[in-house]
Amino acid sequence: MSIRIGIDVGGTFTDFLVIYPDGQRRIHKTSSVPSNPPLAVYNGLQEIAALDNTSLEDFLAGVELIVHGTTVTTNALLTRRGPKTALLGTEGFRDVLPMRHGTREEPYDNRLEQPDPLVPRHLRLPVAGRIDYKGDEVAPLSEQDVRDAVAVMQEQDVESVAISFMHSHASTAHEDRAAQIVAELMPDAYITKSAELLGQARYYERTSTAVLNSYAGPIISSYLSTLLELLAEVRFEGVLLMMQSNGGVATPERLARRAALSLLSGPASGPTAGLLVTATHGWDSCITVDMGGTSFDAAVVKDNKPLVMTDGEIDRWSIALPAVDIHTIGAGGGSIASVDEGGLLRVGPQSAGAVPGPACYRRGGVHATTTDADVVLGYIDPDTFLHGQIGLDREAAVQAIKTDVADPLGISVEEAAAGIYEIVNVNMAAGVRDITVRRGLDPRDFPIVVAGGAGPVHAAAIARELEIPVLITPRDSSIFCAAGMLVCDFKHDYVQSANQRLESLDPGTLVAAWKEMAAEGLNTLLAEGVDEADIAFVPSVDLRYKGQWYELNIEVDPANLEAPDVEKFAEAFHREHEALFGYNNFEMPIDLLNIRLSAVGRTPNDRVTLNGTISGGAVPERKRRNMWSPLQRRMVEADVHQGAAMGPGEEVEGPAIIELGTTTIVVLDEYNTVVDSNGSFVMYLRDQKEQIMARLNLS
C-alpha cells in the first residue's frame, strides 16, 4: 500500500494527515492562502516532502490517494466574490428568489433586512412557456425569449447560468432545450439545469439550489483546474478525490458538475470520523464539534449514521441537496472581540483569518481575538504553539485585549479575556443545542468528539454549559476532518417527486423510480473506479401528514427496492413524528412527496484508523503554569502534561493542561481526563467517574 493523504483547506490553516505504508503518520499544518487557495495545498505538500528529505516529485511518486475538502466556494459565496450569474425562469416568476417562501424569516424582527439575491433582477430573465404539474406542456417554450436573454447575458459578461422552470421536475423538456440554446450561443458558460440537479417539487428551493450551483460552479472548476495543473507539474499520478457536503467523496469531474455539493464539504467528514472514535467504547452516537481559526461546526451522529438534511440554508438561501446536518457559526480562534455602542461585549462572526491573524501572531493583526484571550488566560503556551512553528507574542495579545475590550469596559485584561472566552463558549453551546434540540434530541445523551486546533481548548467549557458528562479528543484532533476524509465512502444522491397519497400508492411506482436511480448511481460509481461488489443502495421516502408543510425523510430497508412494504413506511413515519414533535396521528392520511435513493461505493476498511501514535522514551518533566479557572473565577496554578508521551490508562485531574503540539486540551476543575486504548483523551465529570470508567476501553 502506498502513501495516502487527507487535506482540509480551512480559512486560517490547511491541515494534512499523511499515512505511510508502514502505518506511521505525519500531521502537518500550513497557513491557508485566501488569494490563491490551491497554493496552500501545493505549499503544504512541498513542506512535507522537505520534512521527508526528498523532492516533491519523488514524494508524490509514492502517493496513491489524496482526499481533499475545501471551503473555497463557501468563502466566495459569503464574501460575494463569485462569478456574474444569470437566471432563466418561467415568465411571471421573475422574483421567486427575493420572494422565497412568501413568509418572513423572523416573524417578530421588524428590522431584519432581506438578503441580496445572488442574481440581480436585471439578470433574472423571464421565458414564456409552461409545463403543468403532471408534466404536460401547457404553452410551448419561447426559444426567442431564450435567445433574447442570451443577448442580455452576453452584453453583461455573464459567466454562469441557472435554468429553472416551473414543474420542470415533471418534464425536463423545456429546460433541456433552453440549456441547448444557451450552450450553443455561450459555449464557455457554466450551465445548471434545476431538474437535472434536483428533480423535486417546490420552485423556490429548486431555483435557489440551481443558482447556488451555478454561482459555485466556475469557482470550484477553476480551483480544481489550478490544483490539477499544480499536481500535474510535479507528476502526481495517483487518485484525487473531493469531499462532498453529503458526507461522501467523488471525483473532481463529478463535483464540478454538482458544484453546490462543495459548499459545505469542509467539515462533512467529521461525523463519519467521530464514529471511529466512539465505537471503541460502544457508543453508536455522538456530537462532533470542530473549532478552527474561522468557524465552529457541530454535527450529530445517531445510530451509526450522520444526520442528513434536505432543507439546509447557506447565507440565508435554500440549498435542498442532501447534506450532512452541520451547524456552523462564526466562532473560531480568529474571531474578533469588540465592544458595541451599547457597551456589550461581542465575539465574531468577523474573523482575523490567516492574514493578518490574531494580534499574538505578529503578522500585522491588531484586534483582540479568541486566540489572544486563550494566550492571556494561560491555556496556550506562546512558545510551543504548533510545535513552535509560530511563536506567539503574549504582550501583543494583552495590548489588543486592553485596547479593544478591557479599557472600554473598565475591567482588567484577565477579566476581559475571560469574558471573550465565556461568550464564545456560550455561542458554541447554543449551536450544539440548535442542532440537537430541534431534532428532539437531548445533548446530554451524547458524548462529544472534539476536533479542530482550537476545539480542545474550549470543549470542556462547552460541555460544562450543556451538562454533557463525556468528551473524547482524538490525538489527531487538530487535523480530524483531514483524517475523516480518508474513511468516507463514495456517495451520490438521487430524488424524484411523487406527490401521492401513501395508502393508495402503487408499489410498482416506487420500484420503477428506485431502479432508474440505482442504474444511474451504478454507472456513476463504476465510472469513478468503484467495484460493483462494493456498491450498495439506500432507499428512502419523504412523508408528511396531509396538510403539513414540512416532510420527514424516512430511510427504508434496501429489500424494499424489489418489494416495497408501504405499511412499514407509515409505521416508521409515525414513530419518527412522535420522537420529533411529541405526537402522531394514525388516522391522518400520509402524503408521499419525494422518492430518494443514495448510491454508496464502499471504500477499503483498511484505509486509515484514528488511533494516535504514542511517543516512546522518557516522560518529560511536568511543568506548571497559571491558567484561568471558570469555576473559581481566578488564575490558578495547574500541571502541564505532554500528551504525546501519555499512554493508555494514564489519568489527569483538573484543573490541568495537556499539550499536544498542534492543539491544547484544557481540563477544567470538575473534569478528569484518561487516555483510552486508541490514544484518545477521554474527559469526564469527576462526580460520574465510576459509571463512566466502567464502559471505557482503556487497554
Side-chain angles (χ1 to χ4, degrees), residues 11-12 289-296 329-353 356-363 365-382 385 392-432 450 452-466 625-636 638 655 657 663-666 668-669:
T12 304
V289 298
D290 184 352
M291 182 182 182
T294 306
S295 63
F296 170 83
I329 62 174
S335 294
I336 295 173
S338 61
V339 177
D340 66 16
E341 295 177 355
L344 296 177
L345 174 60
R346 298 187 181 276
V347 184
Q350 296 79 17
S351 174
C360 60
Y361 278 19
R362 294 182 290 199
R363 293 178 175 174
V366 295
H367 294 297
T369 68
T370 304
T371 298
D372 294 310
D374 292 339
V375 169
V376 170
L377 296 175
Y379 298 144
I380 295 176
D381 185 347
F385 184 72
L392 303 183
D393 186 342
R394 187 181 189 279
E395 290 307 312
V398 168
Q399 186 58 50
I401 292 174
K402 183 178 187 300
T403 302
D404 290 354
V405 179
D407 287 351
L409 293 178
I411 58 179
S412 71
V413 169
E414 284 180 355
E415 289 173 323
I420 295 171
Y421 180 76
E422 290 172 7
I423 284 179
V424 78
N425 293 336
V426 169
N427 289 342
M428 291 186 288
V432 174
V450 186
V457 178
H458 294 261
I462 298 170
R464 184 171 177 257
E465 178 76 19
L466 295 168
R625 72 168 179 260
N626 288 335
M627 62 170 266
W628 177 263
S629 166
L631 181 67
Q632 302 180 48
R633 303 296 303 168
R634 63 185 179 88
M635 299 294 287
V636 299
I657 290 170
T663 188
T664 299
I665 301 173
V666 174
L668 296 184
D669 299 56

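Remember, it's a predicted structure, so these values are computed and weren't measured experimentally.
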> Checking Thr664 side chain against Val457 main chain: does a donor-acceptor pair fall under 3.5 Å?
Replying inline: no
> Can you list the residues that meet the ring pair (Phe, Tyr, Trp, His ring centres under 6.0 Å) rule with Tyr379, with sequence neighbours excluded?
Replying inline: Tyr421
> For Asn626, what residues pass the side chain to side chain contact (heavy atoms under 4.5 Å, CB included) criterion, not counting sequence neighbours?
Replying inline: Met635, Glu637
>> Is the shortest side-chain heavy-atom distance between Leu668 and Leu631 below 4.5 Å?
In response: no
> If you take all heavy atoms of Thr663 and Gly452, which pair is closest and at what distance?
Replying inline: OG1-O, 4.0 Å
>> Is there a side-chain contact between Val666 and His458 in this structure, where contact means two heavy atoms from C-beta onward sitting under 4.5 Å apart?
In response: no
>> With salt bridge (charged side-chain N to carboxylate O under 4.0 Å, His left out) as the rule and sequence neighbours excluded, what pairs involving residues 400-409 come up?
In response: Lys402-Asp407
> Of the non-hydrogen atoms in Pro358 and Gly334, which two are nearest, and what is the gap between them?
Replying inline: CG-CA, 4.4 Å
> Residues in side-chain hydrogen bond (donor to acceptor under 3.5 Å, both in side chains) with Thr369, at least two apart?
Replying inline: Asp372
> Taking all atoms of both residues into account, what is the closest heavy-atom pair of Leu466 and Ala429, and its distance?
Replying inline: CD2-O, 3.6 Å
> Mind checking what makes side chain to side chain contact (heavy atoms under 4.5 Å, CB included) contact with Ala416, not counting sequence neighbours?
Replying inline: Ile401, Val405, Ala406, Ile411
>> Suppose we screen for side-chain hydrogen bond (donor to acceptor under 3.5 Å, both in side chains). Which residues come up paired with Glu414, at least two apart in sequence or across chains?
In response: none
>> Run the side-chain hydrogen bond (donor to acceptor under 3.5 Å, both in side chains) test against Gln632 and tell me which residues pass, sequence neighbours left out.
In response: Arg634, Asp669
> Just how far is it from atom CD1 of Ile380 to atom SG of Cys360, taken to the nearest 0.5 Å?
Replying inline: 7.0 Å
>> Suppose we screen for side chain to side chain contact (heavy atoms under 4.5 Å, CB included). Which residues come up paired with Asp381, at least two apart in sequence or across chains?
In response: Asp383, Thr384, Lys623, Arg625, Glu659
> Going by heavy atoms in the side chains, are Phe296 and Ile462 under 4.5 Å from each other?
Replying inline: yes
> Nearest heavy-atom pair of Ala417 and Ala373: which atoms, and what distance?
Replying inline: O-CB, 3.6 Å
>> Show every salt bridge (charged side-chain N to carboxylate O under 4.0 Å, His left out) that has at least one partner inside residues 453-466, sequence neighbours left out.
In response: Arg433-Glu465, Arg464-Glu670
> Which residues satisfy the side-chain hydrogen bond (donor to acceptor under 3.5 Å, both in side chains) test with Gln350, sequence neighbours excluded?
Replying inline: none
> Do Arg346 and Val339 come within less than 4.5 Å of each other through their side chains, counting heavy atoms only?
Replying inline: no
> What are the two closest heavy atoms between Gly343 and Leu409, and how far apart are they?
Replying inline: O-CD2, 3.4 Å
> What is the minimum heavy-atom distance between Leu345 and Ala337, and which atoms define it?
Replying inline: CD1-CB, 4.4 Å
> How many angstroms lie between CG in Asp290 and CE in Met428, if you round to the nearest 0.5 Å?
Replying inline: 11.0 Å
>> Before you tell me yes or no, could you show the steps for Val636 and Met627 under side-chain contact (heavy atoms from CB on, under 4.5 Å), namely the whole-Å CA-CA distance, both residues' side-chain angles and the distance that decides it to 0.1 Å?
In response: CA-CA 6 Å; Val636 299; Met627 62 170 266; 4.3 Å; yes
